Each structure stands twice: as C-alpha cells, then as structure tokens.
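Single-structure report; data block below.
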Amino acid sequence: MEALGIDIGGTGIKGAPVNTVTGQLLTERYRLPTPQPATPEAMTETVHQIVEYFDWKGPVGAGFPAIIHQGVAKSAANIDPSWIGRDVRAMFEDACGCPVTVLNDADAAGTAEVRFGAGAGRDGVVLVLTLGTGIGSALFTDGHLVPNTEFGHIEIGGKVAETRAADSAREREELSWKKWARRLDRYLDRLVFYLSPEMIIIGGGVSRKHEKFLPLLTIDAPIEPAQLRNQAGIIGAAAAAI
Ligand code: BGC
C-alpha cells in the first residue's frame, strides 16, 4: 500500500510517497517553506505544489498543526486564525484532485512512532510530544490513538506551556540546554502526574540533539527520543490515509 504523506508545520511543508506497510519513504522528501502569512489559500496552494511535484494521483494523508475534527480545523495556534472553521480536507481535495485524509500533525507523527518507531510493540499509555514551533501531543492506549489532545496548551505558572517549553522558546530566548531542560522538566512532571504514561517519546527537530537535554530531566517516567525524527509526520500521515 502506498500513500503520499504530507507534514504541514509552522515553518515547512514536506511530503513524500510512503510504503504504509513498512513505514519506509519511497523517495527523497520534498520540502517547501510554509507561506507567511499561513492563510488557507496560500497553504492549500503549497500542498497542491507538493502533490504536483510527485505527480500523485492516489491517497494523500496530511498532518495539520491544529485540532482537526472531521476534516475541519478547530484551532489555529501557529497558523493564520482564518483557518478556524475551514474544511481543510475539502480544500485540499479540491486543489489536488485526490482523496485526502487530514489529522493533527502530532497525531500523525505519534502514529508513526507507535507503529514503526520508538513505541512499536509498547502497550499501555504512551505519550508522544513533538517539540518545535509549538508543542504537539499524541496519546495512545495499547496502540490506539486518542485524537486531538492539546497538551502543549496546558498552563504552567499562568503561561501556556508551549510558549515557554517549545523548542522555539529555547531559540527565541537563547536559553541554555540546562535552563530549557528545567522548564521542560516542570512541564513533563505535570503531564506524568496527569497521565502516568508507560513511556514518553520526544519528537520534533530538536530530538536529534536529545543527548543535550534528556539526561538533564528528572521525571519519574521512561523517556526516549523519537526514532523516525523528521520523517515521522510524513509517515504517520500516509499511514492514516490507508
Ligand atoms: C497546536 C497543535 C499542534 C502543535 C504542533 C500547537 O500549537 O495547537 O494542534 O499539534 O502546535 O504543531
């Protein structure tokens, strides 16, 4: 089975055809910058360009950085607010002429990690967090996804967690690994209290540098870096399309 997976983020939109049985990319991925402002029309055009680049006619899966309910965007933390209430699936289908499945971007990345990566074969509660522009979350029980959890938006000390503990906060505020790890630790400690996960998987681009911050965490739960790294969103979106 093959599907085109597209990972839509705050800074880049990436796609590649994927073998959804093995979780392998079939070609190099193709990346375009996320248009700014990230309006529905501009982003839909970028998705269209990716579908055209691969001359793709089959099923498409797209991970989108918002709450997605039956194809419709219900939030817009790091994209243009005019997305709220728009039917993302219908817009992408009209532009691309292929059947499209849309799901939350972290749910897509989490699906890939639980099927093919760090969480493969793990039962119980598994929490996948993507640390990037925002913080995305994907919650699984025995491999089943509880969609649209938004744990990046819990408040800590009166502040939305992702504004303090996302990788973008580390970069924006030029935080040392130690300082950022302290924030992350406080955030994760709260999630561990709420969810008692068997395992936490840390994804997003910064997971490549996991040895800089994972050893500094003190939380009482097994924590591991994502294995599929920046391909997880593409692979999980493609898997969701089949
Ligand atoms: C959004 C989530 C998204 C996450 C990662 C958050 O700001 O609310 O829906 O999964 O960023 O992109």
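Both counts, for ligands and for their atoms, begin at 1 and track the order of listing. Fair warning: this is a prediction, and the values are worked out from it, not measured in the lab. Side-chain atoms are counted along with the backbone in the values below, which use heavy atoms only and exclude waters and symmetry mates. Heads up: numbering here begins at 1 and tracks the sequence.
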Glu150 and Ile67: side-chain contact (heavy atoms from CB on, under 4.5 Å), yes or no, with the steps? CA-CA 8 Å; Glu150 284 284 341; Ile67 297 171; 3.3 Å; yes
Salt bridge present between Arg183 and Glu173 (N-O < 4.0 angstrom): yes
Check contact between Ala66 and ligand 1, using heavy atoms of the residue and a distance below 4.0 angstrom. yes
Could you list which atoms of ligand 1 come closer than 4.0 Å to a heavy atom of Ala77? 7 (O), 8 (O)
Looking only at heavy atoms of Ile135, does any of them come nearer than 4.0 Å to an atom of ligand 1? yes
Side chains of Thr11 and Thr34 only: does a donor on one sit below 3.5 Å from an acceptor on the other? no
Under 4.0 Å from any heavy atom of Asn104, which atoms of ligand 1 are there? 2 (C), 3 (C), 9 (O), 10 (O)
Classify the ring geometry of Phe54 against Tyr30: parallel below 30°, tilted from 30° to 60°, perpendicular beyond 60°. perpendicular
Flag side-chain contact, heavy atom, 4.5 Å: Arg29 against Asn230: yes
Using a 6.0 Å distance limit plus a 45 degree cone around the ring axis, check whether Arg170 lies over the aromatic ring of Trp177. yes
Among non-hydrogen protein atoms, atom 12 (O) of ligand 1 lies closest to Asp105 OD2, 2.6 Å
Has ligand 1 got any nitrogen or oxygen that is less than 3.5 angstrom from a nitrogen or oxygen of Ser137? no
Thr130, any N or O under 3.5 Å of ligand 1 N or O: no
Who gets closest to atom 2 (C) of ligand 1 by heavy atom: His153, Glu162, Glu150? Glu150
Quick one: which ligand 1 atoms are inside 4.0 Å of a heavy atom on Pro65? 9 (O), 12 (O)
